[in-house]
Number of protein chains: 2
Amino acid sequence: MTFFVEKPVTAADKTFFQLRKDIVEGDIVAGSKLSETELSTKYSVSRAIIREALNRLEFCHLVERKANVGARVVALTSEGLLELYQVRESLEGMAARLAAKNMSDEEVNDLNYLLNAHGANMENGQSYYQEAGDVDFHYRIIVGCKNKHLTSMLIDGLYHLVRMYRVQLGMAGPRVTTAFDEHKHIVQAIANRDGELAEMLMRRHIMYSKHSIQNKLKN
Amino acid sequence: MTFFVEKPVTAADKTFFQLRKDIVEGDIVAGSKLSETELSTKYSVSRAIIREALNRLEFCHLVERKANVGARVVALTSEGLLELYQVRESLEGMAARLAAKNMSDEEVNDLNYLLNAHGANMENGQSYYQEAGDVDFHYRIIVGCKNKHLTSMLIDGLYHLVRMYRVQLGMAGPRVTTAFDEHKHIVQAIANRDGELAEMLMRRHIMYSKHSIQNKLKN
DNA sequence: AGCCGCTATATTGTCGACAATCAACAAAAA
DNA sequence: TTTTTGTTGATTGTCGACAATATAGCGGCT
């Protein structure tokens with residue numbers, strides 16, 4: 001497990017990473033059927049490996065399987081997005097609360113440093129750093145919570161689905177400066193070891209971006 | 001997916017269910033190594049099926065795997081229990097909030113009826129119904145939230161690990177009457193469609209039982 | 001014409017054998 | 001004695017073939 005950080009060691013790992021990438025980035029279109037034999041020729045591995053990869057992808061909620069029928073890439077719907085953000089709000093909120101309790105002083109300092117770097121980049125108009133910066137910010141807090149289940153669910157499980165929505169529905173958008181301020185307040189709460197506040201701020205932060213995305217979907 | 005409700009259709013399903021049962025109930029001791037060949041002879045299926053089952057068990061956090069080394073049943077530790085309940089607090093809290101919004105009036109009525117039945121059983125001194133009753137109570141709220149990710153994570157993922165701790169560390173205990181009152185208040189909040197309150201009460205409810213278990217672990 | 005059941009085909013599920021990798025032990029050098 | 005290195009044995013990873021199952025198309029019946 002911990003698919004995200006560790007390197008692919010086995011062939012199934014590599015195929016899983018490749019497949020996940022291709023799905024998230026839309027190279028394999030959402031909602032399409034995934035034939036095992038087809039994939040095995042395409043990626044030059046045996047069907048057993050493809051099956052292993054499909055299994056893992058299912059637990060990332062990136063594909064759905066049905067016995068004796070096959071696998072499909074998950075469909076991107078507004079309801080699905082809503083449900084996804086509801087879970088994020090809950091889990092990342094708790095992650096922020098725990099991070100306030102469990103992050104080392106050094107980790108908090110690093111987080112502060114990261115935030116300032118983003119601020120400097122923004123003033124130079126390099127707002128395209130925001131996407132990676134946002135990801136990095138959330139990632140550090142998740143890791144900082146020191147809860148295996150939480151990190152596994154968020155990083156191995158939900159994170160890539162979030163990215164899939166972002167990439168394929170094009171959520172680069174504005175909300176850059178406001179999100180930055182929200183990040184700042186969250187870090188401050190964590191630095192003050194105020195878990196309750198950190199959780200509340202993180203939940204509101206995710207709620208806001210949910211609203212932002214929902215507004216875009218209406219267009 | 002949705003391992004819990006659907007019936008086992010394939011041989012891998014059956015083996016997975018059997019293995020999960022044997023692990024949760026301690027028939028296979030916690031922390032022990034799981035040899036694929038050994039299991040394949042024990043359960044009279046091919047190694048491929050065992051591997052499939054082990055894959056699923058890994059995503060339930062019931063076993064841990066390492067490439068080229070093998071799988072082990074998870075060890076039951078007090079830290080693990082704490083982390084588990086932290087996630088439960090977060091996810092079931094959100095489930096209660098969403099259930100207050102999304103449950104049908106009929107589902108709420110059923111929940112009320114269930115609760116009254118438990119109360120009647122308790123007055124007759126049949127407190128041993130509490131275990132199943134508690135499970136049932138939480139289960140209905142989880143299903144009532146109508147969020148696929150949430151239900152999948154809780155029911156397919158965490159639920160069985162919770163049960164493993166309960167069974168093997170013997171958490172039958174008291175806390176029956178107080179838990180009943182807490183259940184009552186939660187249902188009331190849901191009936192009033194007060195999601196915020198329902199979430200708060202559910203989180204406190206789970207926090208309390210966490211404390212109760214932690215106290216038992218100290219003895 | 002519309003519906004039902006059957007066959008044919010393609011896809012998934014399962015298996016046993018082979019290849020790759022690791023852990024343990026033994027042997028040799030420092 | 002301690003550390004390092006090579007070998008051995010066992011376990012996991014990978015593969016191709018076979019069996020079981022579902023979908024699609026066709027033909028017959030009402």
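The analysis underlying the following values was restricted to heavy atoms, covering all of them including side chains, and did not include hydrogens, waters or symmetry mates. Here is how names work: the chains are called A, B, and so on, in the same order as the sequence lines, proteins then strands, and each is numbered from 1.
The side chain to side chain donor-acceptor pair (under 3.5 Å) search around A/Ser90 returns B/Ser90, not counting sequence neighbours. When the side-chain contact (heavy atoms from CB on, under 4.5 Å) test is applied to A/Ala189, the partners found at least two apart in sequence or on another chain are A/Leu197, A/Ala198, A/Leu201. In this view, B/Ser32 and B/Ile28, B/Val29, B/Val73 satisfy the side-chain contact (heavy atoms from CB on, under 4.5 Å) rule, not counting sequence neighbours. Residues forming a salt bridge (charged side-chain N to carboxylate O under 4.0 Å, His left out) with A/Glu38 (at least two apart in sequence, or on another chain): none.
Distance B/Asn55 CG to D/dG13 C1': 12 Å, rounded to the nearest Å. Counting to the nearest Å, the P atom of C/dC15 and the OH atom of B/Tyr43 are 16 Å from each other. D/dG13 atom C1' lies 17 Å from atom CD1 of B/Ile49, rounded to whole Å. Remark: C1' of D/dT14 and CD of A/Glu52 are 11 Å apart, rounded to the nearest angstrom. Computed from coordinates, the A/Ile50 CD1 to C/dT11 P distance equals 15 Å when rounded to whole Å. When the C1' atom of C/dG13 is taken as reference, atom CD of A/Glu58 falls 15 Å away, rounded to whole Å.
A pairwise comparison of heavy atoms in A/Gln168 and A/Glu25 identifies NE2-C, 4.0 Å as the closest pair.
Both tests hold for A/Arg88 against A/Tyr85: distance to the six-membered ring centre under 6.0 Å, angle to the ring axis within 45°.
Between B/Arg204 and B/Tyr208, the side chains place a donor N or O and an acceptor N or O closer than 3.5 Å (distance only, hydrogens not considered).
Note on the helix from C/dA1-D/dT30 to C/dA30-D/dT1: terminal axis deviation equals 20°, with five pairs used at each end and the result rounded to 10°.
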Handout entry: Annotated protein contacts, base or backbone, on nucleotides 5-12 of chain D with a non-hydrogen cut-off under 4.0 Å, one of B, S, - each
Key = ------SB

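Using a cutoff of 4.0 Å between basic side-chain nitrogens and carboxylate oxygens, B/Arg72 and B/Glu64 are not scored as salt-bridged.
Of the residues near DNA chain D, B/Val9 and A/Ser46, the one whose nearest nucleotide (by heavy atom distance) lies more toward the 5' end is A/Ser46.
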